[in-house]
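Everything below concerns the one structure shown next.
A, B, ... follow the sequence lines: proteins, then strands. Residue 1 opens every chain.
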There are 2 protein chains.
Amino acid sequence: MMVRRSRSPRGSGEQLRGEIISAATQLLVEHGTRDAVSIRAVAGAVGVTSPSIYLHFADKDELIDAVTAQYFEQLDEVLGDAGDGLPDPMDRALAQGLAYVRFAIGTPVLYELAFTHTPNCDKESMVDEVLAAAAFMRFSQTVQDLIDDGVYPAGDLVTSVLELWSAAHGVASLMISKPHLPWGDDLRLAETVLRSVCVGRATLAQ
Amino acid sequence: MMVRRSRSPRGSGEQLRGEIISAATQLLVEHGTRDAVSIRAVAGAVGVTSPSIYLHFADKDELIDAVTAQYFEQLDEVLGDAGDGLPDPMDRALAQGLAYVRFAIGTPVLYELAFTHTPNCDKESMVDEVLAAAAFMRFSQTVQDLIDDGVYPAGDLVTSVLELWSAAHGVASLMISKPHLPWGDDLRLAETVLRSVCVGRATLAQ
DNA sequence: TGTACATCAGTGAACGCGCGTTCACTGATGTAC
DNA sequence: TGTACATCAGTGAACGCGCGTTCACTGATGTAC
């Protein structure tokens, strides 16, 4: 049943924009399919007609970009919550890595969308990258602390971050796309992989 | 320009089937987009009309399944070529892991398709899994050899395979979806991650 | 050897559908005088 | 204080498109007699 929302007051065009992004996100989560997101479906969920979407987004691509941007912001918050209050870099790295995997497998369709959707490649990809950067930089700080602590070998910071990110992403992504494999009940496998990379990377450098 | 192929002789329906799969694969590779594969496009590429496709596949999903199945078979061959003649399990594991990553990033759209497309879930997913199993079992043998050699800790074999697979998949998948990140020119980062997991996993177990 | 017939790979035309997007519009809200 | 007007968030109807799929058919090939 579609409920017609009441008209927004003058200044508050921004509010509908937010509702649209949330509706698109919710559609993805609930239907579990990428193509549950059509302009019509989103508009219907918000309680508005489809052309209204174009008052807030140039086209569908821009809407999807906004959805993934918000998703990356949420990811950053999750990493923040997971790492705060853990002074030991190794503990923090592990906690953030596991939080990353947990967040990903908790929202599989969104995660896949964020890592499959190719934005308009030139400027758009930059925007995407910049918004992802909050989480990226947060994790980079953790890795820097690992290096300062001597746990992780010194070297190019970004490269080190990519190594650990690849490990976390690998577990999350594979768990999402092949859920029937015997992953076990918790994230022990994820923890093993993350720990192994940290420990092994340190050993390799010696 | 579309070339009408001549009619197949009586028994050789199988031949067209193969051509259809190849054409679909090629369309994906050349256009670099998932939705370059439509029944019409595939039929056109083969030189046949669209209804002909349905003489060989029940529906589009079954065609896509066949494409990914063939892709997994190719993957198995690649792993075989990479590992043959390397008696040391560690060398072989590394060679196969790097070959995996190289194969994946060489055919990014197919790789994404194979790891995103959700088959009909019940029986179909089994078929998919079984066909993937050739590569899976080949790599499992390598990991078993690693264990026998004492490089990798004893324990559940499948779990160990998943750990290493996750690592290789993580690098490959992230390189594909975020190609603008500074991955370096060759697969050194992939090698580092794979080595780290092996070494680190051994250290953890002690 | 010749003819009638069954087979079946492939055709041509069409179906209904949902999609992204456009365009002229409406009508409540705020502002100027 | 009252009225005319500009603004602009949102509407309703429609566009063209490409899609997956269906259906009655054609016509070359092989087979039975």
Side-chain angles (χ1 to χ4, degrees), chain A residues 1-24 27-28 31-68 113 117-120 124, chain B residues 1-24 27-28 30-67 113 117-120 124:
Chain A
M1 174 170 87
M2 137 138 186
V3 180
R4 168 91 21 101
R5 74 198 297 278
S6 54
R7 183 206 186 86
S8 291
R10 259 318 171 78
S12 59
E14 286 303 302
Q15 189 197 330
L16 180 53
R17 189 189 148 91
E19 287 181 40
I20 291 171
I21 297 175
S22 296
L27 276 173
L28 284 166
H31 285 73
T33 309
R34 217 191 206 75
D35 34 57
V37 176
S38 68
I39 294 286
R40 283 166 224 260
V42 172
V46 177
V48 122
T49 60
S50 3
S52 302
I53 305 295
Y54 293 90
L55 295 174
H56 301 274
F57 301 93
D59 53 21
K60 192 186 177 182
D61 252 38
E62 205 175 289
L63 168 57
I64 300 291
D65 283 352
V67 169
T68 69
L113 184 76
H117 178 247
T118 34
N120 291 347
E124 299 300 336
Chain B
M1 174 167 90
M2 134 140 188
V3 180
R4 169 91 22 101
R5 73 198 297 278
S6 55
R7 185 204 184 88
S8 290
R10 259 316 172 80
S12 59
E14 286 303 301
Q15 189 197 330
L16 179 53
R17 189 189 147 90
E19 287 181 41
I20 291 171
I21 297 175
S22 296
L27 275 173
L28 284 165
E30 284 178 359
H31 284 73
T33 308
R34 218 191 204 75
D35 32 58
V37 177
S38 68
I39 295 286
R40 283 165 223 260
V42 172
V46 177
V48 121
T49 60
S50 2
S52 303
I53 305 295
Y54 293 90
L55 296 174
H56 302 274
F57 301 93
D59 52 22
K60 192 186 177 182
D61 252 37
E62 206 174 289
L63 168 56
I64 300 291
D65 283 352
V67 169
L113 185 76
H117 178 248
T118 34
N120 292 345
E124 298 300 337

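Rounded to whole angstrom, the span from the CG atom of B:D35 across to the C1' atom of C:dC19 amounts to 13 Å. B:L63 places its CG atom 10 Å from the P atom of D:dT21, with the value rounded to the nearest Å. Look at CD1 on A:I20: it is 11 Å from C1' on D:dG10, rounded to the nearest Å. Taking atom CD of B:E62 as the reference point, atom P of D:dT21 lies 11 Å away to the nearest angstrom. Distance B:Q15 CD to C:dG10 C1': 14 Å, rounded to the nearest Å. Put simply, CD1 on B:I53 is 11 Å from P on D:dT21, counting in whole angstrom units. Regarding B:F57, its CZ atom lies at a distance of 15 Å from the C1' atom of C:dG10, rounded to whole Å. In this structure, B:Y54 atom OH and D:dC25 atom P are separated by 21 Å, rounded to whole Å.
In the set C:dC19, D:dG12, D:dT21, C:dC19 carries the atom at the smallest distance from any side-chain atom of A:S38. Set against D:dG10, C:dG10, C:dC23, the side chain of A:L16 has D:dG10 as its closest nucleotide. Comparing C:dT21, C:dG12, D:dG10 against the side chain of A:H56 picks out D:dG10 as the nearest. Here the nucleotide nearest the side chain of B:I39, chosen from C:dA13, D:dT21, D:dT11, is D:dT21. Among the nucleotides D:dG20, C:dG12, C:dT22, the one closest to any side-chain atom of B:K60 is D:dG20. Closest to the side chain of A:L55, from the set C:dG10, D:dA9, C:dT22, is D:dA9. When each of D:dT21, C:dG10, C:dC19 is scored by its nearest atom to the side-chain atoms of A:R40, the top-ranked nucleotide is C:dC19. Among the nucleotides C:dT21, D:dT21, C:dG20, the one closest to any side-chain atom of A:S50 is C:dT21.
Checking the phosphate oxygens (OP1, OP2) of D:dG10, no side-chain nitrogen or oxygen of A:S52 falls inside 4.0 Å.
Distance check: A:I20 CD1 to A:L55 CG gives 8.0 Å after rounding to the nearest 0.5 Å. Rounding to the nearest 0.5 Å places NZ of A:K60 at 12.0 Å from CG of A:D65. Note that CZ of A:R17 and CD1 of A:I53 are 11.5 Å apart. Values are rounded to the nearest 0.5 Å. Here OG1 of A:T33 is found 10.5 Å from CG of A:L27. Values are rounded to the nearest 0.5 Å.
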Donor-acceptor pairs under 3.5 angstrom involving side-chain atoms of residues 35-44 of chain A: please list them, not counting sequence neighbours.
from: A:S38; atom 1: OG; to: A:A41; atom 2: N; distance (Å): 3.0

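Nearest heavy-atom pair across A:F57 and A:I21 is CZ-CG1, 3.7 Å.
Consecutive Watson-Crick or G-U pairing (both distances under 3.5 Å) extending over three or more pairs maps onto DNA chain D as C:2-33 with D:2-33.
Looking only at distances, a side-chain donor or acceptor of B:D59 sits under 3.5 Å from a matching main-chain atom of B:E62.
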